[in-house]
Protein chains: 2
Amino acid sequence: MVFFQEQAVTSSDKTYFQLREEIVEGLIPAGAKLSEVELSTKFEVSRAVIREAINRLEACNIVERKANVGARVVTLTEDGLLELYQIREALEGMAARLAAQNMPEAEIYELSSLLEGQQDEVRQNHTYYQEAGDLDFHYRIIVGSKNQQLITMLSNGIYHLARMYRVQLGMTGPRVTTAYDEHKHIVRAISNRDGELAEILMRRHIQYSKNNIAVKLTKMK
Amino acid sequence: MVFFQEQAVTSSDKTYFQLREEIVEGLIPAGAKLSEVELSTKFEVSRAVIREAINRLEACNIVERKANVGARVVTLTEDGLLELYQIREALEGMAARLAAQNMPEAEIYELSSLLEGQQDEVRQNHTYYQEAGDLDFHYRIIVGSKNQQLITMLSNGIYHLARMYRVQLGMTGPRVTTAYDEHKHIVRAISNRDGELAEILMRRHIQYSKNNIAVKLTKMK
DNA sequence: GATATCTAGATTGTCGACAATTTATCAGTT
DNA sequence: AACTGATAAATTGTCGACAATCTAGATATC
């Protein structure tokens, strides 16, 4: 699935995208130091474009920088994960509420059909719900909010960090099949233009997956 | 009042802070183009530090950049303002909920005394509630959430854009005195460790001020 | 042996110059 | 007069070099 396409026009863009992917996927491990000269030889670009890429990663909360010292990939902690899900709960809850107000009927219909199409798949191997489908669902609702700042904030900022946690804690992906039913209920609320309910359901949905991850985390210890 | 101090260690920091202030205060008007050479001569630094400063402003959603074209200060629109307040409602509502869970008693007591101290002031010139007081209140609750990512997001990202709207639409600034009572109710909920109520009250509080601004906006037309 | 100070190495911050791209100007054609 | 195309000016993107800062190791002192 093409989640949302970002086209790299400048060399700095390409470097940023690639670096981000390597960090999210764990090729560059959490906590690692990002040496500017090292990366500039690796990617065969000047330090200027590396610096710009690192700056953008910092804006995503994927790396942390200290002046005159350097940049490190963030370390993944249980607290950090909970913090992230609290933010997602607030923002995506609001996105669902706004989607109920602003999402065009056509988009709602598309989203609804998407879920219908996945129904068979869910029933067959009736345990899991593919991660891609989950992502697509959340993204469509975010876009449906029609709040451009919210869309940018979630797509550029939150999303990649959230994925980094999921990938590196081995929860790509997906959660038990009940997630599918939760999605259906949310869409129904949006379709009924019931923003209040849509927000409540979305927040619960995110709380459940947070709890699911928290359980896995404690098991890993 | 010292809202929260950022200390500029590097030349790029200083440029970023100053540029941000000039934009927020309107010295550099909304929609203006940011020429790199022009700014580098004005601030007497190289283009590299200007570029870095502009990158950071972009991360705050204060300027927009297009590759190979340049950066412009964002234009202030009614839609943009509403979008911003929707985000604030979601995030600061969550902050209030978390503050009810996590804020240390000492900090709650401080916040409470702060409000008590302002009571006389409010009664005397019984119309307005100083902007500084309002900022301080919101900031303390955000910090009280103890969610580091939320704190960063609001302090570095949302806050400056919100202030830019208030300054340039002439609503520094304060809203009618009822805001003071709303603040008191929120603190009471936090003090009672009632996160659910604290969130509801904070969201209402922000909705009210949004409506207040929306009214002023329509009057200006 | 522990602490403090100094020096050398490495890393980041800043600069000016060149390359690539966009925008403006102007001539030419229909 | 309006549109197209080529050329020139201006702006952004990228580069390598130098300056400022931090880090590590060695030496000296108590």
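Just so it is clear: chains get the letters A, B, ... in the order the sequence lines come, proteins before strands, and each one is counted from 1. For clarity, every value in this text was computed on a predicted model and none was experimentally measured.
We find that CD1 of A/I54 is positioned 10 Å from C1' of C/dT12, with the value rounded to whole Å. The nearest whole Å value for the distance from the CG atom in A/D13 to the C1' atom in C/dA20 is 15 Å. As rounded to whole Å, 13 Å separates atom P of D/dG13 from atom NZ of A/K14. Protein atom OH of A/Y16 is 16 Å distant from nucleotide atom P of D/dG13, rounded to whole Å. Straight-line distance from the CD atom of B/E36 to the P atom of C/dA19: 19 Å, rounded to whole Å. Rounded to whole angstrom, the span from the CD atom of B/E52 across to the P atom of D/dG13 amounts to 14 Å. When the C1' atom of C/dT11 is taken as reference, atom CD1 of A/I50 falls 14 Å away, rounded to whole Å. Separating the CG atom of B/L39 from the P atom of C/dT14 is a distance of 16 Å, rounded to the nearest angstrom.
Taking only side-chain nitrogens and oxygens, A/K33 comes nearer than 4.0 Å to OP1 or OP2 of C/dT12. Side-chain nitrogen and oxygen atoms of B/R51 include at least one within less than 4.0 Å of the OP1 or OP2 phosphate oxygen of D/dG13. Applying the 4.0 Å criterion to OP1 and OP2 of D/dT12, one finds that A/T10 has every side-chain N and O outside that range. When the side-chain nitrogen and oxygen atoms of B/S35 are compared with OP1 and OP2 of D/dT11, none of them lie within a distance under 4.0 Å. Phosphate contact (OP1/OP2 of D/dC15, side-chain N/O of A/S46, threshold under 4.0 Å): present.
Once rounded to the nearest 0.5 Å, the distance linking CD1 of A/I108 with CG of A/L111 reads 8.0 Å.
Non-hydrogen atoms lying under 4.0 Å from DNA chain C are contributed by B/N68, B/V69, all within residues 60-71 of chain B.
Ion pair A/E83/B/K146 not flagged as a salt bridge, since none of the NZ, NE, NH1 or NH2 atoms sits closer than 4.0 Å to an Asp/Glu carboxylate oxygen. A salt bridge links B/E52 to A/R51: at least one charged side-chain nitrogen sits closer than 4.0 Å to a carboxylate oxygen. A salt bridge links A/R20 with A/E6: the closest approach of a Lys/Arg side-chain nitrogen to an acidic carboxylate oxygen falls below 4.0 angstrom. Comment: B/R72 does not engage B/E64 in a salt bridge, judged by the lack of any side-chain N to carboxylate O separation of less than 4.0 angstrom.
The nucleotide whose nearest atom lies closest to any side-chain atom of B/R47 is, among C/dC15, D/dG13, C/dG13, D/dG13. Nearest to the side chain of A/V49, among C/dT12, D/dT12, D/dC15, sits D/dC15.
At a threshold of 4.5 Å between non-hydrogen side-chain atoms, the residues B/L76 and B/L81 do not count as touching. Here the side chains of B/R97 and B/M202 are not in contact, with every heavy-atom distance at 4.5 Å or above.
The nearest heavy atom of DNA chain D to A/V45 and to B/V37 marks one nucleotide each, and the one closer to the 5' end goes with B/V37.
Here A/L34 lies in heavy-atom contact (under 4.0 Å) with sugar-phosphate atoms only.
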